[in-house]
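Okay, structure first, notes after.
Below, each value reflects all heavy atoms present in this structure, side chains not excepted, and no hydrogens, waters or symmetry copies. From a predicted model like this one, the values you see are computed outputs, not experimental measurements.
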Amino acid sequence: MAADDDFTTTGQKTHRYLRLSLVLVVVALLVAVSLQSVIVVWEPLQFGWHPLPSISHAFYTPMRDVFTGTLIAVSVALLALSGRNRATTLLDVCAVFAPLIAIVPTGIADTRAEGHLPCPAAMDCIPAGAVESAKAGIAVYAIIVVATVIVTAVIRARTRTPNRSAVLVSVIAVATASVVTALAFVPSLNESFPFNFWPVHSIHFVATLAFFGVFSAVPILYAGGPLEPGETAPTPRRRSIYRWIAGLLIVDLLFLAAAVLFRQVFGETPAVLIGEVVALLLFAWFWLLQTFQRWNDANPPSILPGRRSEA
């Protein structure tokens, strides 16, 4: 191992550990949800069995900091892995949606939620404090998106490295920030915030579906073979697994949509929680396979020198 490290560049090490960090972040989130499901009260410590209705409901429990922190960490790691091929472009788009899952909460459906506030019949709601927190988060999100787009555009102009993929991601990021900002702050639109994303209703749910929906295309691309010169090709077995991951993720997203739209049918069964756990496990499985497939790549996409012919 020591001899191998002598010939490993800093860029390679960073690339490896960023990929591994995505797996560990998922593990941290799943551990948090598992603990919150078996610990009814933290002070004094009381054990029981009370599974959360969904992973997103960790926002309303003592695990809130872990929930929001892991999602922000995922976004940063995906952006840091940014490259110039189609797969890394999709990962950049995922990074646009990940913070919104953390910033805009889901509706209350847990007796341990803040203040134990019930919602009106057949309606979703969140505590008033959470509304203010979400709006503040969206304001910061929008400003950071615009600042990031401007900074990266200036860098590309000064270094004369035009990148169509970066321009596409920038357009999607600005459009997303504009929509959620309007839904949060425009008086004619924000009356039901954050449940005013017509026709899908919940901003949080839309961001979640968008994140995993875009990500599901990534293993499909890698199942087709290498995307960059010099990239370690997936074995036939890995290509088959990538196809399975993509297919299972699409099926799981359809299940999640049904679980949210027809939640009365599922009753006390935590269908959304099950669907979200499956999605996260598939996400982690992909990154684990990718990490070891690309372990010795000399030029991973995130550190591959730009080629002007792509502009």
Side chains of [X] and [Y], heavy atoms from C-beta outward: is any pair under 4.5 Å?
X: N163; Y: T152; answer: no
X: F195; Y: I126; answer: yes
X: W285; Y: I241; answer: yes
X: L91; Y: V218; answer: yes
X: L90; Y: L221; answer: yes
X: P226; Y: P234; answer: yes
X: L81; Y: W287; answer: yes

Report the distance from atom [atom1] of [X] to atom [atom2] of [Y], rounding to the nearest 0.5 Å.
X: F205; Y: L256; atom1: CZ; atom2: CG; result: 6.5 Å
X: T70; Y: L24; atom1: OG1; atom2: CG; result: 12.5 Å
X: L281; Y: L288; atom1: CG; atom2: CG; result: 11.5 Å
X: T235; Y: L289; atom1: OG1; atom2: CG; result: 8.5 Å
X: F286; Y: T291; atom1: CZ; atom2: OG1; result: 9.0 Å
X: L253; Y: L248; atom1: CG; atom2: CG; result: 11.0 Å

Any side-chain donor paired with an acceptor under 3.5 Å for D92 and T89? no

Please list every donor-acceptor pair under 3.5 Å in which a side-chain atom of residues 38-45 meets a protein atom from a residue at least two apart or in another chain.
residue : atom : partner : partner atom : Å
W42     : NE1  : Q36     : OE1          : 3.0

Please answer: with hydrophobic residues joined when any side-chain heavy atoms are less than 4.5 Å apart, are [X] and [Y] in the same cluster?
X: I72; Y: L22; value: no
X: L183; Y: V140; value: no
X: V93; Y: I144; value: no
X: I155; Y: V76; value: no
X: W244; Y: L280; value: yes

Checking side-chain contact (heavy atoms from CB on, under 4.5 Å) for the pair F193/I203: CA distance, chi angles, key distance, verdict? CA-CA 8 Å; F193 177 84; I203 295 174; 3.8 Å; yes

Ignoring hydrogens and angles, write down the donor-acceptor pairs under 3.5 Å from the side chains of residues 269-278, residues two or more places apart or on other chains.
residue : atom : partner : partner atom : Å
T269    : OG1  : F266    : O            : 3.3
E276    : OE1  : I55     : N            : 2.6
E276    : OE2  : S56     : OG           : 3.3

Which residues pass the side-chain contact (heavy atoms from CB on, under 4.5 Å) test with [X], sequence neighbours left out?
X: V27; answer: V31
X: V149; answer: V145, S170, V174
X: A32; answer: M63, V66
X: V206; answer: F197, V200

Using 30° and 60° as the class limits, which term best fits the ring planes of F215 and F211: parallel, tilted or perpendicular? parallel

Please work out which of the three classes, parallel, tilted or perpendicular, describes the rings of F59 and F67, given edges at 30° and 60°. perpendicular

For the student: nearest non-hydrogen atoms of [X] and [Y], plus distance:
X: Q12; Y: N296; result: NE2-O, 3.8 Å
X: R239; Y: G224; result: NH2-O, 3.6 Å
X: L18; Y: S21; result: O-OG, 2.5 Å
X: S216; Y: A246; result: O-CB, 3.5 Å

Answer yes or no: does atom CD of E191 have more than 12 heavy-atom neighbours from other residues, nucleotides or ligands under 6.0 Å? no

Non-neighbouring partners of T181 that pass side-chain hydrogen bond (donor to acceptor under 3.5 Å, both in side chains), sequence neighbours left out: none

Kindly give the cluster partners of [X], where membership spreads through any ILVMFWY side chain lying under 4.5 Å from a current member.
X: I220; value: none
X: I143; value: none
X: V146; value: I150, V154

Pairs in or reaching into residues 133-149: which pass side chain to side chain donor-acceptor pair (under 3.5 Å), with residues at least two apart or in two chains? R64-S133

Using distance only, find each side-chain donor-acceptor pair of residues 95-107 under 3.5 Å and give its atom names and separation, not counting sequence neighbours.
none

Please confirm whether the backbone N or O of R294 pairs with a side-chain atom of E231, one donor and one acceptor, at under 3.5 Å? no

Side chain of R16, backbone of W295: donor and acceptor closer than 3.5 Å? yes

Determine, stepwise, if the pair V260 / H201 fulfils side-chain contact (heavy atoms from CB on, under 4.5 Å). CA-CA 11 Å; V260 171; H201 187 53; over 6 Å; no

Please test Q290 against R19 for side chain to side chain donor-acceptor pair (under 3.5 Å), starting from the C-alpha separation and ending with a verdict. CA-CA 8 Å; Q290 271 279 290; R19 288 176 175 274; 3.1 Å; yes

